[in-house]
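Since the structure comes first, as structure tokens, the remarks are kept for the end.
Treat the numbers as computed from the prediction; the structure is a model and nothing was measured.
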Amino acid sequence: LVLLRSFPAQADLSGSTVPPTAVLNLVGGREEYSLGEHVEILQDPSRQLTITDVASAEWKDKFVPSRQQVPANGYTDSAVWVRCQLVNPTAESSEWVVQLGWRPRRVAFFRSSNNGAFVERQAGRHVPLSQWEIPNRFPSFRLSLPPHGNQTFYLQIISSGTNIHLPLSLYSISVFAGRGSTDSLVWGLFFGVLLFATGYLLLMYFFLRDKSYAYLAAMAGAYCLYRVTVDGWSSVYLWPHLVQPHLVARDLALLAIYVFGILFSQAFLETCQHVPLLHRAMTVSILVYGLVSVVDLIFPILGAFFKP
């Protein structure tokens with residue numbers, strides 16, 4: 001029943017320090033681009049490099065061109081820098097949105113301003129949505145291209161303990177708005193089905209008094225909460241000004257999925273009567289997993305509370 005769904009640096013072309021391999025020439029009339037094969041990547045194990053460092057001549061040749069539509073850096077604690085240059089060959093200025101279709105812990109976006117200095121915008125799971133430039137479930141940033149000009153942007157991605165991948169896209173304002181509406185509609189239908197299933201299972205429990213229905217309903221509800229948090233909808237609609245409730249709700253949802261999944265298995269298979277040894281082992285696993293999860297929740301909260 002549980003439904004799985006994993007559903008600016010240089011203003012002058014002649015003065016650009018970006019090699020031609022990282023340049024994307026926009027085409028008039030086209031409003032959507034995949035940037036994966038038009039970016040260059042630099043890993044910073046020290047996490048000490050700044051935008052001034054990576055934009056300098058000293059580091060310009062240390063970026064590695066991507067050959068993948070969705071560049072993947074695997075599990076790494078390094079800060080990952082991304083560089084991309086866009087060229088507008090038309091006689092009109094244009095407005096775009098750069099979107100990273102994944103939610104890392106923290107991502108910083110750098111574009112150059114009119115005076116040549118870099119403007120920084122931040123997003124990510126550990127940044128309140130109210131501080132994002134565009135309130136979207138994925139990190140999204142505005143980018144302006146002057147007529148017959150170019151713009152180079154940089155991204156710094158930090159996300160320890162996760163598989164860093166870079167599904168980067170460039171959208172016109174109209175396409176970005178349309179995709180957002182479609183995305184909301186599809187996910188709304190998905191959550192509607194989950195909530196309907198949860199309500200139906202609870203109704204079955206009240207009529208039949210079979211605990212397996214209650215456990216399954218709780219597991220479906222917990223999975224719904226997990227998807228709401230991990231896919232960013234809780235940041236959009238529930239806690240746009242906070243980070244900690246989103247992280248706590250995600251971890252509690254995972255704990256609930258495991259606990260109620262085990263309880264459902266015990267009730268449905270009647271392991272207490274048929275396989276008592278397995279029943280005890282499953283109960284112990286609930287206690288161990290619950291203890292580990294609670295400790296894992298408490299220490300980050302205490303660390304954030306007592307942070308100097």
Side-chain angles (χ1 to χ4, degrees), residues 1-7 74-75 102-105 125-126 137 159-165 183-239 243-302:
L1 178 67
V2 177
L3 303 176
L4 297 177
R5 184 187 187 280
S6 294
F7 252 69
Y75 290 85
W102 170 61
R103 293 170 53 84
R105 175 175 296 183
R125 296 195 311 270
H126 287 216
R137 69 190 188 96
S159 195
S160 301
T162 55
N163 180 22
I164 294 182
H165 56 291
D183 195 39
S184 298
L185 176 61
V186 171
W187 277 95
L189 292 173
F190 172 71
F191 289 128
V193 170
L194 270 181
L195 291 175
F196 176 81
T198 302
Y200 173 78
L201 290 168
L202 284 175
L203 192 64
M204 293 297 293
Y205 166 71
F206 288 128
F207 277 108
L208 301 178
R209 295 298 173 180
D210 185 339
K211 289 189 296 184
S212 61
Y213 285 105
Y215 295 144
L216 197 55
M219 188 169 62
Y223 180 74
C224 184
L225 177 61
Y226 173 74
R227 296 295 347 164
V228 165
T229 55
V230 78
D231 291 304
W233 295 109
S234 61
S235 297
V236 175
Y237 294 110
L238 299 179
W239 308 294
V243 170
Q244 204 62 43
H246 164 83
L247 302 176
V248 171
R250 178 199 62 189
D251 293 343
L252 288 178
L254 280 174
L255 174 61
I257 290 171
Y258 182 82
V259 169
F260 289 114
I262 295 295
L263 291 175
F264 167 74
S265 299
Q266 289 178 326
F268 184 75
L269 299 175
E270 298 180 343
T271 53
C272 184
Q273 290 80 25
H274 301 301
V275 196
L277 184 61
L278 177 61
H279 183 85
R280 287 193 292 271
M282 295 169 79
T283 302
V284 170
S285 74
I286 290 177
L287 297 176
V288 172
Y289 185 78
L291 178 62
V292 171
S293 298
V294 170
V295 171
D296 189 51
L297 272 173
I298 290 176
F299 277 94
I301 295 175
L302 291 178

Grab the two heavy atoms, one from [X] and one from [Y], that are nearest each other, plus how far apart they are.
| X | Y | answer |
| --- | --- | --- |
| Ala220 | Leu194 | O-CD2, 4.4 Å |
| Gly221 | Thr198 | N-OG1, 3.6 Å |
| Tyr205 | Asp210 | CD1-O, 3.2 Å |
| Phe191 | Arg227 | CE2-CB, 3.6 Å |
| Gly290 | Leu255 | CA-CD1, 3.7 Å |
| Ser184 | Tyr237 | OG-OH, 4.2 Å |

Side-chain heavy atoms of Tyr215 within contact of Ile262, under 4.5 Å: no
Heavy-atom side-chain proximity of Cys224 to Leu195 below 4.5 angstrom: yes
Pairwise distance [atom1]([X]) to [atom2]([Y]) - rounded to 0.5 angstrom:
| X | Y | atom1 | atom2 | value |
| --- | --- | --- | --- | --- |
| Met204 | Leu201 | CE | CG | 8.0 Å |
| Ile286 | Leu291 | CD1 | CG | 13.5 Å |
| Gln273 | His279 | CD | NE2 | 8.0 Å |
| Leu202 | Leu216 | CG | CG | 10.0 Å |

Candidate pair Tyr213 and Leu203, rule side-chain contact (heavy atoms from CB on, under 4.5 Å), full reasoning: CA-CA 9 Å; Tyr213 285 105; Leu203 192 64; over 6 Å; no
Step-by-step side-chain contact (heavy atoms from CB on, under 4.5 Å) determination, Val275 to Leu269: CA-CA 9 Å; Val275 196; Leu269 299 175; over 6 Å; no
Partner residues of Trp239 under the ring-ring contact (aromatic ring centres under 6.0 Å, His included) criterion, sequence neighbours left out: none
Geometric cation-pi criterion, Arg209 with Phe207: 6.0 Å, 45°: no
Residue pairs passing the ring pair (Phe, Tyr, Trp, His ring centres under 6.0 Å) test where at least one lies in residues 250-271, sequence neighbours excluded: Tyr258-Tyr289, Phe264-Phe268
Any residue meeting side chain to side chain contact (heavy atoms under 4.5 Å, CB included) with Arg105, in chain and number order, not counting sequence neighbours: Arg125, His126, Ser159, Ser160
Flag, side chain of [X] to backbone of [Y], donor-acceptor distance under 3.5 Å:
| X | Y | answer |
| --- | --- | --- |
| Asp231 | Trp233 | no |
| Arg103 | Arg137 | yes |
| Gln266 | Cys272 | no |

Trace of the side-chain contact (heavy atoms from CB on, under 4.5 Å) decision for Leu225 with Thr229: CA-CA 6 Å; Leu225 177 61; Thr229 55; 4.2 Å; yes
